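As structure tokens, the structure follows; a few thoughts come after it.
Values in this document were obtained by computation on a predicted structure and should not be read as measured data. Residue indices begin at 1 and follow the sequence shown.
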Amino acid sequence: HDVLFELGLEEIPARFMPAILADLKLKTSEKLFAARLSHGAIHILGTPRRLAVIIEKVPEFQGDLTREAKGPPKKVAFDAEGKPTAAAVGFARNSGVDVSQLTIKSDGGREYVVAQIFENGRPTKLILASLFPEIIQSLYLPKSMRWGKGELAFVRPIHWVTCFYGADLIRFHLGDLNVGPTTEGHRILTGSKEISLSLGRSGWLTSYRQALKSAHVMVDAAERKAMIRQQIKTVGKGA
């Protein structure tokens, strides 16, 4: 399913936006990789009052993981008769494997017991609930501030946050805010009217942009730039 995350704020200075949007894409990609979540294209959208991430084709579970854990030296793990000692039994128990599954590997001229640990991938919904707060708090910010009684610091006060995996709302806390299913329209043209978000057949990228456009918000910076260029050309021809 596609993922949508949006952060609603008080106006960010325009000069800050390019660096913040670039860092948002970088940190999102890094966190997805670290969380073993495969994905399609990452789209970063934004205006001075909102930062948005849309990630295409995210599976329902993160990838499984097989890793190797190094334990005590062989001579500590097994006695003279080759029977496992308390050290081997404890290491196996802590690694979640049976002591009979331990193997021996050489490292730097010494032999150690090793456990192969398999971890099932966790549900994506659970991962997203912690991933996006981590991304937001890791962003490069030219300046940051606190507001109200909360401890969260950001470039400007955060007013709303929304996050969907497919059609499902992902619930978590960001500072003093709870995730909700709505965004806000243009502050002047719609009076910051709340807009309900819903996933259409064409995916979140189209659904989200259309919902905001109906509320007088052009959320795609490239689209805004192209429109301004065209308006300049039109005015120039008429001069």
Side-chain angles (χ1 to χ4, degrees), residues 2-32 35 37 39 42-56 58 124-125 127-166 168-187 190 192-199 204-205 207-213 215-224:
D2 290 356
V3 172
L4 167 67
F5 172 79
E6 184 198 54
L7 199 65
L9 313 108
E10 294 181 14
E11 281 82 352
I12 300 174
R15 67 184 185 277
F16 293 169
M17 288 297 293
I20 291 175
L21 293 176
D23 198 39
L24 179 58
K25 186 166 188 176
L26 174 64
K27 295 296 174 53
T28 299
S29 178
E30 290 177 345
K31 292 290 185 180
L32 288 170
L37 279 176
H39 56 86
I42 299 174
H43 303 274
I44 303 297
L45 306 171
T47 72
R49 287 193 68 223
R50 71 194 73 233
L51 302 174
V53 180
I54 295 173
I55 312 164
E56 297 181 350
V58 181
T124 294
K125 292 179 184 179
I127 296 172
L128 293 177
S130 59
L131 184 142
F132 280 114
E134 290 176 2
I135 290 173
I136 292 304
Q137 294 178 67
S138 71
L139 289 179
Y140 162 75
L141 302 174
K143 295 182 179 180
S144 62
M145 59 182 295
R146 289 191 174 92
W147 58 95
K149 297 180 180 179
E151 293 299 317
L152 178 65
F154 204 62
V155 63
R156 288 294 184 270
I158 299 171
H159 284 238
W160 76 88
V161 57
T162 189
C163 184
F164 286 89
Y165 177 67
D168 296 334
L169 185 69
I170 305 300
R171 299 186 181 277
F172 57 85
H173 304 284
L174 186 61
D176 295 333
L177 294 172
N178 295 321
V179 169
T182 62
T183 183
E184 289 190 6
H186 193 282
R187 183 169 57 86
T190 66
S192 296
K193 177 183 176 182
E194 286 192 352
I195 307 296
S196 295
L197 292 169
S198 59
L199 176 62
W204 268 121
L205 183 60
S207 301
Y208 176 68
R209 290 171 63 174
Q210 288 178 345
L212 287 179
K213 190 168 288 187
H216 305 285
V217 175
M218 188 176 290
V219 71
D220 189 330
E223 187 179 0
R224 292 197 305 273

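- Looking at Tyr165, its side chain does come within 3.5 Å of a backbone N or O of Val58 through a donor-acceptor pair.
- Of all heavy-atom pairs between Gly46 and Met17, the closest is C-CE, 4.2 Å.
- Of the possible donor and acceptor atoms, one in the side chain of Arg146 sits under 3.5 Å from a partner among the backbone N and O of Glu151.
- In terms of heavy atoms, Lys25 sits closest to Ile44 at CB-CG1, 3.4 Å.
- The environment of Arg224 atom CZ is dense: over 12 non-hydrogen atoms of other residues, nucleotides or ligands sit within 6.0 angstrom.
- Using a 4.5 Å heavy-atom threshold, the side chains of Thr47 and Arg50 count as touching.
- In terms of heavy-atom proximity, Val217 sits nearest to His186 at CG2-N, 3.5 Å.
- What you find for Ser198 and Ser207 is that their closest heavy atoms are O-CB, 3.6 Å.
- Residues Leu199 and Trp204 meet the side-chain proximity criterion, which asks for heavy atoms closer than 4.5 Å.
- Looking at heavy atoms from C-beta onward, His173 lies out of side-chain contact with Pro133 at the 4.5 angstrom threshold.
- Here the side chains of Phe16 and Pro48 are not in contact, with every heavy-atom distance at 4.5 Å or above.
- Of the candidates Arg49, Arg156, His159, Glu10 forms a side chain to side chain donor-acceptor pair (under 3.5 Å) with just one, namely His159.
- More than 12 heavy atoms of other residues, nucleotides or ligands shown are found within 6.0 angstrom of NE2 on His216.
- Shortest non-hydrogen contact noted between Ala35 and Ile127 is CB-CG2, 3.9 Å.
- Once rounded to the nearest 0.5 Å, the distance linking NE2 of His43 with OH of Tyr208 reads 13.0 Å.
- The closest donor-acceptor contact from the side chain of Lys27 to the backbone of Ser138 lies under 3.5 Å.
- The residue from Leu205, Leu24, Leu212 that alone fulfils the side-chain contact (heavy atoms from CB on, under 4.5 Å) condition with Leu45 is Leu205.
- When Leu4, Leu32, Asp2 are each tested for a side-chain contact (heavy atoms from CB on, under 4.5 Å) with Ile55, only one passes: Leu32.
- Remark: Glu223 CD is packed, more than 12 non-hydrogen atoms of other residues, nucleotides or ligands lying under 6.0 Å away.
- Distance OG1/Thr162 to CG/Leu197: 5.5 Å, rounded to 0.5 Å.
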